[in-house]
> 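Before I ask anything, here is the structure I am working with.
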Protein chains: 2
Amino acid sequence: MKDDRLSAIRHYLFEKTSASIHEIAEAVGASLPTVRRDLLTLETEGAVHRTHGGARIADSAGIEAAFEVREQTCIAAKRAIGLTAYADLRPDMSVFLDAGTTVLQVARRIRMNPLPISVFTNCLAVAQVLTDIRDVQVTLLGGRLRSRNASVLGALAESMLDRLWFDQLFLGASTVGDDGCTYTMDEDEARLNEKMITRAARTTVLADASKFGQRATYQVTRLDDRLDLITDDSLASHWLDKLAQAGCRTRTVGFDADESAELDGDAA
Amino acid sequence: MKDDRLSAIRHYLFEKTSASIHEIAEAVGASLPTVRRDLLTLETEGAVHRTHGGARIADSAGIEAAFEVREQTCIAAKRAIGLTAYADLRPDMSVFLDAGTTVLQVARRIRMNPLPISVFTNCLAVAQVLTDIRDVQVTLLGGRLRSRNASVLGALAESMLDRLWFDQLFLGASTVGDDGCTYTMDEDEARLNEKMITRAARTTVLADASKFGQRATYQVTRLDDRLDLITDDSLASHWLDKLAQAGCRTRTVGFDADESAELDGDAA
DNA sequence: CAACTTACGATCATAAAGGATCAAAGCATG
DNA sequence: CATGCTTTGATCCTTTATGATCGTAAGTTG
């Protein structure tokens, strides 16, 4: 199918940066003329740059592709976590959705089965997913745009939070360190996340097991009795013990490995 | 029953992201023509995106789909107007881009030929176009999301403007009435537009000739000596007289079909 | 500078998919 | 119970996409 092939070529070029036509043709299992046509399409879209004998990923498409790749990693776990988080929603709630691929899954669930809620977010992708849904009132935080995860940050965003209050906050995390704290890769994002927590009656952190045990630069918050956590059931038990000891209300959700396998397969 | 099947297809596509017609037909136990009809229905609802041989779940259909239809009307004029507006930009300026299809063309120009500027906008589509461009600092206004033109509105957006100041504002308009005033179709948008004008050293209204002589509900501003206007050269001369009389600095730009063909590629 | 190699674009044939029309079956209503 | 409407499935025809072949252009090497 053409669409899948285009997507596959983009991902292939994202990983390899540049590749020959032959290489691409073999990778996606298509003939050379077809690959040429596809590259022509992708070039007009601005996603790739064609060269003699091959093609290179366009600079601007790099971040976009990186976002797609991150969204696809641990997709089954993220989906399951998103479903559990979604189940916490009740009509007429005021919910804040943080920027991140796991939280984005909650937004997708809402899009699938809308209920009358007010959604606040600092993530353009979330806003985009929830556009045009009856009963869902979307409010976007203002501020400086950070392209990596399509979020808004900065002093403007922080001061806007001062005037808002949420029943529920779903918070993402880049990593969860051995010290039992969540981390992000951006200073402003960390500060904004901290502030979100102070503006929500209840905060639920969404983080799949693969994020545990790593460390990013900027600490956000300790996972203690102020917070809920939803993760997947592949998390090592010593983590669960540590979390329980800290008083963090943890829920683990199961997910089917088949689902992720299926979705990995359709890339090629 | 039809509704059950539509729901089943939605859920199936949500899980799989994309699937072939055969796959869907087998999954829901219906014939191929039926599945096609269902997908047609779902596509008009904006729930899925059809491709050759299959369909995929609509991720971001909201913003671009609603926009694209209107974007194509008078596209040549809008592009020419956008180019002229772009030529007014200088490095290190602070520019506000209003929400609208004509102003969006300015953003596309900036993407094609970036220069170091700060861009402020209340339009998600503009923000999206200007994502990932080195040298272009994008700041998005916060507020309630209005899906029709992917803009943010409301008290939050207005109060955010109080703390900002721009060298240049490019303002769109739904219509320009016989009274020489610009109009929009939304009350909040009109109020926000008014406020934008007070926060900018210079305001340039972008409106192609087709918008003149119509009337929408909410008045924004009079086209007088406080404002610049860029329109196309198909505007009737009695309009030009009227604008000159009001003191509005008006520029008309020519456009021909060749120029629009030149820029077809940058749409995505 | 010339010849050879390689890649590119165009055209064409083929196979698959989409759209349209039509007939039949199910359901509601008079 | 009959009639009419909606819905479904089958067949036709058109469109689209893909892959092969050929001529041409470009790049490389002697």
Side-chain angles (χ1 to χ4, degrees), chain A residues 1-59 61 262-263 265-268, chain B residues 1-59 61 64-65 68-69 72 258 261-268:
Chain A
M1 215 169 306
K2 182 168 187 179
D3 223 352
D4 296 336
R5 211 178 44 236
L6 290 177
S7 176
I9 292 176
R10 267 196 321 199
H11 284 150
Y12 187 80
L13 278 177
F14 170 69
E15 282 189 27
K16 309 273 292 183
T17 308
S18 70
S20 73
I21 303 257
H22 295 277
E23 217 179 320
I24 298 169
E26 191 181 0
V28 303
S31 71
L32 297 185
T34 302
V35 173
R36 283 186 222 284
R37 275 187 285 257
D38 289 347
L39 289 175
L40 216 52
T41 306
L42 290 171
E43 189 182 41
T44 59
E45 283 178 12
V48 305
H49 178 248
R50 280 196 315 157
T51 61
H52 263 264
R56 184 179 309 162
I57 188 111
D59 299 335
E262 266 174 46
L263 287 157
D266 67 354
Chain B
M1 205 53 194
K2 184 169 186 180
D3 273 345
D4 298 335
R5 211 177 45 237
L6 289 176
S7 175
I9 293 176
R10 271 170 62 103
H11 281 91
Y12 187 79
L13 277 176
F14 181 79
E15 294 298 333
K16 306 272 297 180
T17 308
S18 72
S20 73
I21 302 259
H22 294 278
E23 219 179 317
I24 298 170
E26 191 180 0
V28 303
S31 71
L32 297 184
T34 303
V35 172
R36 282 187 225 283
R37 275 187 287 259
D38 289 346
L39 288 176
L40 214 54
T41 307
L42 289 171
E43 190 182 43
T44 56
E45 285 177 12
V48 305
H49 178 249
R50 284 195 311 157
T51 62
H52 242 89
R56 71 174 21 182
I57 193 92
D59 278 345
E64 289 174 17
E68 263 174 34
V69 215
Q72 292 309 314
D258 297 333
E262 165 200 329
L263 285 157
D264 274 346
D266 70 343

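Below, read A as the first sequence line, B as the second, and so on, with proteins coming before strands; counting in each chain starts at 1.
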> Could you tell me if the side chain of B:R56 sits less than 4.5 Å from the side chain of A:D4, heavy atoms only?
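The answer is yes; the side chains approach within 4.5 Å.
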
> Figure out the CG/P separation between B:D3 and D:dT8, and round it to whole Å.
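One finds 10 Å between P of D:dT8 and CG of B:D3, rounded.
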
> Taking OP1 and OP2 of D:dT18, is either one under 4.0 Å from a side-chain nitrogen or oxygen of A:R5?
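Checking D:dT18 against A:R5, a side-chain N or O does come within under 4.0 Å of OP1 or OP2.
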
> Students often get this wrong, so: under 4.0 angstrom with heavy atoms, is B:I21 touching a base, only sugar-phosphate, or nothing?
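Here B:I21 touches the backbone only, sparing every base.
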
> Whole angstroms only, please: what is the NE2-P distance between A:H52 and C:dC8?
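Interatomic distance, NE2 of A:H52 to P of C:dC8: 7 Å.
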
> Tell me the interatomic distance from A:L39, atom CG, to D:dT18, atom P, rounded to whole angstroms.
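Going from A:L39 (CG) to D:dT18 (P), I get 13 Å.
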
> Any side-chain N or O of A:R37 less than 4.0 Å from the OP1 or OP2 oxygen of C:dT11?
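So the side-chain polar atoms of A:R37 never come under 4.0 Å of the phosphate oxygens OP1 or OP2 of C:dT11.
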
> Figure out the CG/P separation between B:D4 and D:dT8, and round it to whole Å.
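About 11 Å, once rounded to whole Å.
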
> Within a reach of under 6.0 Å around CD of B:E45, are more than 12 heavy atoms found that belong to other residues, nucleotides or ligands?
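For B:E45, atom CD is crowded (more than 12 foreign heavy atoms under 6.0 Å).
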
> With a 4.5 Å heavy-atom cut-off, do B:D38 and B:V28 have their side chains touching?
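Not touching, per the 4.5 Å side-chain cut-off.
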
> From the list D:dG9, D:dT18, C:dG9, which nucleotide is the closest neighbour of the side chain of B:P33?
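My answer, after comparing the listed nucleotides, is D:dG9.
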
> Of the non-hydrogen atoms in A:A55 and A:L13, which two are nearest, and what is the gap between them?
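Heavy atoms only, the tightest pair is O-CD2, 3.6 Å.
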
> To the nearest Å, give me how far apart NZ (A:K2) and C1' (D:dG19) are.
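From A:K2 NZ to D:dG19 C1': 14 Å.
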
> Which is true for B:T51 with a 4.0 Å heavy-atom rule: it touches a base, it touches only sugar-phosphate, or it touches nothing?
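Sugar-phosphate contact only - B:T51 comes under 4.0 Å of backbone atoms but never of a base.
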
> Calculate the interatomic distance between A:R36 atom CZ and D:dC22 atom P; express it in whole Å.
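Taking atom P of D:dC22 as the reference, CZ of A:R36 is at 16 Å.
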
> Using a 4.5 Å cut-off on heavy atoms from C-beta on, say whether the side chain of B:H52 contacts that of A:K2.
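Counting from C-beta outward, A:K2 and B:H52 never come under 4.5 Å.
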
> Under 4.0 Å from OP1 or OP2 of C:dA7: is there any side-chain N or O of A:H22 that close?
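Answer yes for this pair, as a side-chain N or O of A:H22 is under 4.0 Å from OP1 or OP2.
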
> Within the structure, does a side-chain N or O atom of A:T34 lie under 4.0 Å from either OP1 or OP2 of D:dG19?
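Yes, A:T34 has a side-chain N/O under 4.0 Å of OP1/OP2 on D:dG19.
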
> With a 4.0 Å limit, can you tell me whether B:S31 has a side-chain N or O closer than that to the phosphate oxygens OP1/OP2 of D:dT8?
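B:S31 to D:dT8 OP1/OP2: no side-chain N or O under 4.0 Å.
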
> Pick the closest DNA chain C nucleotide for B:G53 and for A:L40 by heavy atoms, then say which residue is nearer the 5' end.
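Result of the comparison: A:L40.
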
> In whole Å, I'd like the distance from the CG atom of B:L32 to the P atom of C:dA17.
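Atom CG in B:L32 sits about 9 Å away from atom P in C:dA17.
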
